[in-house]
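Atoms within each ligand, like the ligands themselves, are counted from 1 in listed order. The model shown is predicted, which means the values in this text are computed figures rather than measured ones.
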Amino acid sequence: MEFKPLTPLSKPTVLLVHGDTRTIRHEQWNRVQQKFNILTYDCIDADEFCKRLAPGGTYCNINAIVRTGWRKAEPYASHFLYTAEVAKHYPPSLKLIVSSGHGHDEADMDTLTRMGIWYCNTPDTCTEAVANTALYLILSAYRHFTFAEYCARNDWALSRSLGMKTVDPLGSMLGIVGLGDIGTSIARKAALGLGMKLCYFNRRRDVERERQVGADISYCESLAELLKNSDCVVLACPYTASTHHMLSTKEFALAKEGGMRIVNIARGRLIDEAALLQAIKDERVTGVGLDVHENEPGINEGWSGDYMATVLPHIGVCSKTSWDGFEKGCWDNAEAFFDTGKPLTPVNSIV
Ligand SMILES: O=CC(=O)O
């Protein structure tokens with residue numbers, strides 16, 4: 001069937017979720033306000049959202065969901081928006097979902113595709129922010145700056161014990177799991193900024209990505225090979241059923257003599273945290289930097305008093321640089337879809 005652009009009389013209705021970035025791009029915001037009827041998301045849980053989607057509810061005619069801001073817990077949670085359970089309640093008018101960020105593990109892609117709904121993320125909009133966070137966590141996993149900061153605030157003398165426990169990353173091997181946009185940027189920064197050697201593991205070798213790194217980087221045929229070779233492992237890969245707990249007891253047991261450091265800026269459930277805490281006790285892991293956690297929101301209580309680990313509240317992505325990219329990436333997709341019938345950066349494909 002030929003795609004007919006919608007006339008101004010039939011403005012598409014867009015549900016805007018977490019639109020707190022809307023003041024960044026004035027021109028585009030003014031334009032999309034003309035093009036679309038924009039409703040603002042304000043549900044506190046999945047039940048309320050499903051009620052609003054039902055016939056007669058305020059969201060019963062939406063054509064698109066656009067989440068330009070970052071996922072929040074309070075007061076309007078949004079982690080459940082794209083699950084199979086909730087998708088059952090979507091009105092037939094819903095054809096497009098655009099959601100800021102890289103990861104799309106919250107969306108049941110098979111269900112959305114079966115329902116004929118395009119799902120887009122905003123790739124490469126937060127690469128700089130997340131790669132910078134990874135660099136911070138790598139450095140901290142070697143130099144234990146979180147412990148040092150604790151000492152500066154609480155017990156200066158205690159900090160003197162740090163010298164023999166910390167090392168500089170110069171010349172040591174960084175193993176990157178997932179050489180996508182973010183993994184590539186981490187590799188470049190770690191080689192240039194910290195003088196680290198590099199290796200990586202992907203489902204397959206990617207010579208073009210290796211070239212983009214601009215420094216020597218060797219490919220490992222398996223995760224086990226990467227773990228055996230690395231002094232520090234950084235996870236920058238997607239979370240799926242097959243990558244669940246990709247680092248657990250068996251994997252930590254492959255650490256080199258002297259232990260390895262673990263950094264995660266991807267998704268918390270890639271790591272079995274109980275096994276990680278045990279691996280620290282067993283001295284197989286000697287430094288930890290986590291921006292993401294197995295049970296978010298919140299951190300494992302094992303980290304609460306452990307200032308040798310650096311833990312952040314999934315803020316790697318949070319910078320105005322990313323917010324600007326999110327805002328643009330989301331609205332560019334919505335505008336392209338309603339102008340031409342095709343979004344710009346779909347994760348799935350609707351025929
Ligand atoms: O967590 C960050 C992202 O998925 O972009």
Side chains of Tyr90 and Ile62: does their closest heavy-atom pair fall under 4.5 Å? no

Contact residues of ligand 1 with a heavy-atom cut-off of under 4.0 Å? Trp70, Gly101, His102, Gly103, Cys126, Arg267, His314

Basic-acidic side-chain contact under 4.0 Å: Arg261, Asp231: no

Between Trp323 and His18 (judged by ring centroids, cut-off 6.0 Å), do the two rings come close enough to count as a pair? no

Sole candidate of Phe147, Tyr150, Phe145 that passes ring pair (Phe, Tyr, Trp, His ring centres under 6.0 Å) when paired with Tyr307: Tyr150

Strictly under 6.0 Å, is that where the ring centroids of Phe36 and Phe338 end up? yes

Salt bridge or not for Asp181 and Arg209, using N-O below 4.0 Å? yes

